[in-house]
Amino acid sequence: MPRVWALALCLLAPLPASAQSAPNLTALRGLAPVSALAQSAEGRAALEANLRVTGEIQSGGGQPAFLLPLAEQRQLALRDAFITDGNATELADGLGSRLGELYQAKARYTAHDSFTNVAQSVADLIGYTNNVAKSDSNAGKYFFANATRDGKTPVSADAAAILTERSGTTDIFGNAYARPAGTPGSDAYGNARPFQTLPQLFAYRGHDYFGRPSYSLDWLRGPGQTLTDSPSYPSGHTTYGYTESLILAILVPERYQQMIARAAEYGSNRIVVGAHYAMDVLGGRAVALHAVAHLLANDPAYVGQVRRNPAVVNEMSGATDAALALTDYPAALRAARADLTAFLREACGATIGDCADGDGGRFRDPAANAALYAATQTYGLPVVYPERVGRVADVNHVAPEAGHLLTAAFPSLSLEEANAILTATLGPGGGFLDDGSAFGLYARLNLYAAAGEATALALRKQGAAAR
């Protein structure tokens, strides 16, 4: 299969702090409703609930329908703290007990910067997609903390206008939870994290991704990861979790729903460990779905850019620092699917469907998976925009590219059919991001339910074609 993307033959220097892309600004606008929450009674109630719900989940008093007993869930959250963004291997257990085992045996991490991949095409797809989504998520960190790009450098005039237009304020969480930036125990820049604002924090011991003895605080205050001066909103881990789970869901559509459940679980684990609020997780999810949909649509603002590729095939490969430019995202996706399918079929000795059947892992129960995702759709946070409750939103009109999240996995569906499914399965309206924008609609997408409907429609079409 010919390569339809290019690997630049140079090292890509990190983007300067002043660089803000058009997609970054779109994501900032979409995430910006959080900055105005203190202006209304509904917004203030949502802020109060955000801290309360976060504390309940973190302490174990309010579990969002986890698939594991609490003690095991906490251990998984400790392992999930390490991001396997080079190959998505930590998330691949969502592929099921057999397929997940095969994937994880091939795509491994032996150290934090030493890992393997299934195929170069899969590495390229993961690397580019993760970089795009991560860029949008990271753009929000300091922006919503203190209106800077890096904690110190002021944002552009275009970015500053995003806050001005809605009379938004920075450090919304720090101010709401009595930990404003720079005060004792808070973040230096703003938006202190739950481990800094909760009146009580459950800390625990276990083992990290590499099996080493670890402590949950190691992934908050160091040395595993130091987040004391890292603004909370949105959750970068959640953006990664949904981005790469979506990639695997689309590449292996037989496990689409289970991979979405794994993403929901991964985001919730950021609350369990004490790193993020429920609102952070919801924001990170919306960023991921929005970015991946635009990539699948081959949006010129998202494709054709030169991005650092963190994903490699061989351990300690120099390709880690190579630059990558995907000029045709759907073609790159097709190449990755062909290579991953071939690998899984050969390793399993049967079709993907047959290998996916008989899953003995924690995602084997569809009802439990559905309950998990439903609990994380809004985390029970109250409505901020009551006028939007019950209002019908037509995905095909507001965000037509969203349908690619389904058609990429179920190609027999038309974009209109996919968007009709997304519309019919939308989550509750009026949440803190659902301000009427196209981005806000991504916060309402229920891909778990939508994938179930898409699978059923695809099967009906297949049956009709066979008659």
Side-chain angles (χ1 to χ4, degrees), residues 23 26-27 29-30 125 129 132-133 242-243 245-260 263 285-303 326 328-334 336-337 370 373-374 377 388-431 433-467:
T26 298
R29 290 188 188 93
L125 188 73
T129 310
V132 170
Y242 269 93
T243 297
S245 290
L246 258 175
I247 292 174
L248 292 181
I250 292 169
L251 293 178
V252 188
E254 293 87 349
R255 300 293 295 181
Y256 196 116
Q257 286 187 297
Q258 292 85 352
M259 286 308 312
I260 296 302
R285 181 183 72 197
V287 168
L289 303 192
H290 180 267
V292 174
H294 282 267
L295 284 167
L296 291 168
N298 245 5
D299 186 329
Y302 290 77
V303 299
L326 293 187
D328 186 339
Y329 192 87
L333 178 70
R334 290 191 295 271
R337 178 184 287 130
Y373 190 85
Q377 181 72 53
R388 298 197 59 77
V389 175
R391 182 178 296 183
V392 176
D394 184 354
V395 176
N396 200 53
H397 174 71
V398 179
E401 73 286 339
H404 290 288
L405 296 171
L406 295 179
T407 61
F410 308 100
S412 65
L413 274 62
S414 69
L415 191 63
E416 291 74 17
E417 288 172 329
N419 281 326
I421 289 174
L422 292 175
T423 298
T425 56
L426 280 174
L433 289 176
D434 184 30
D435 63 347
S437 68
F439 186 96
L441 195 60
Y442 280 89
R444 294 182 58 188
L445 293 184
N446 182 337
L447 283 184
Y448 186 88
E453 295 297 324
T455 300
L457 178 56
L459 288 174
R460 289 197 298 272
K461 288 190 167 194
Q462 182 181 355
R467 288 196 294 269

(message) Is there a side chain to side chain contact (heavy atoms under 4.5 Å, CB included) between Leu445 and Thr425? Walk through the geometry before answering.
(response) CA-CA 7 Å; Leu445 293 184; Thr425 56; over 6 Å; no
(request) State the CZ-CG distance between Arg388 and Asp435, to the nearest 0.5 angstrom. (result) 7.5 Å
(message) Nearest 0.5 angstrom please: Thr407 OG1 to Leu415 CG, how far?
(response) 5.5 Å
Examine distances only and state if a side-chain atom of [X] and a backbone atom of [Y] form a donor-acceptor pair shorter than 3.5 Å.
X: Arg444; Y: Gly427; result: yes
X: Asp434; Y: Gly429; result: no
X: Arg285; Y: Gln377; result: yes
X: Thr423; Y: Val395; result: yes
X: Arg337; Y: Ile250; result: yes

Where [X] and [Y] come nearest, the two heavy atoms and their spacing:
X: Pro23; Y: Ala301; result: CG-O, 3.4 Å
X: Phe439; Y: Ala27; result: CE1-CA, 4.2 Å
X: Ala418; Y: Leu406; result: O-CD1, 3.7 Å
X: Ala288; Y: Thr243; result: CB-OG1, 3.3 Å
X: Tyr242; Y: Leu289; result: CD2-CD2, 4.2 Å
X: Tyr442; Y: Ala286; result: CB-O, 4.2 Å

Non-hydrogen side-chain atoms of [X] and [Y] separated by less than 4.5 Å:
X: Asn446; Y: Leu422; value: no
X: Ile260; Y: Leu447; value: yes
X: Leu441; Y: Leu426; value: yes

Below 3.5 Å, can you tabulate the donor-acceptor pairs from side chains in residues 291-298 to any protein atom, sequence neighbours excluded?
{"unit_1": "His294", "atom_1": "ND1", "unit_2": "Asp299", "atom_2": "OD2", "d": "2.9"}
{"unit_1": "His294", "atom_1": "NE2", "unit_2": "His290", "atom_2": "NE2", "d": "3.3"}
{"unit_1": "His294", "atom_1": "NE2", "unit_2": "Glu401", "atom_2": "OE2", "d": "3.4"}
{"unit_1": "Asn298", "atom_1": "OD1", "unit_2": "Tyr329", "atom_2": "N", "d": "2.9"}
{"unit_1": "Asn298", "atom_1": "ND2", "unit_2": "Asp328", "atom_2": "OD1", "d": "3.4"}

(message) Set out, in order, the CA-CA distance, both residues' side-chain angles and the distance that settles side chain to side chain contact (heavy atoms under 4.5 Å, CB included) for Leu413 and Ile421, then state yes or no.
(response) CA-CA 10 Å; Leu413 274 62; Ile421 289 174; 3.8 Å; yes
Using atom types as modelled, flag every donor-acceptor pair under 3.5 Å from a side chain in residues 448-457 to any protein atom, sequence neighbours excluded.
{"unit_1": "Tyr448", "atom_1": "OH", "unit_2": "Pro366", "atom_2": "O", "d": "3.1"}
{"unit_1": "Thr455", "atom_1": "OG1", "unit_2": "Ala451", "atom_2": "O", "d": "2.8"}

(message) Could you walk me through whether Leu246 and Thr129 satisfy the side chain to side chain contact (heavy atoms under 4.5 Å, CB included) test, starting with their C-alpha distance in whole Å, then the side-chain angles of each, then the deciding distance to 0.1 Å, before giving a yes or no?
(response) CA-CA 10 Å; Leu246 258 175; Thr129 310; over 6 Å; no
(request) Return the set of residues passing side chain to side chain donor-acceptor pair (under 3.5 Å) with Glu417 (not counting sequence neighbours), or none when no residue passes. (result) Ser414, Lys461
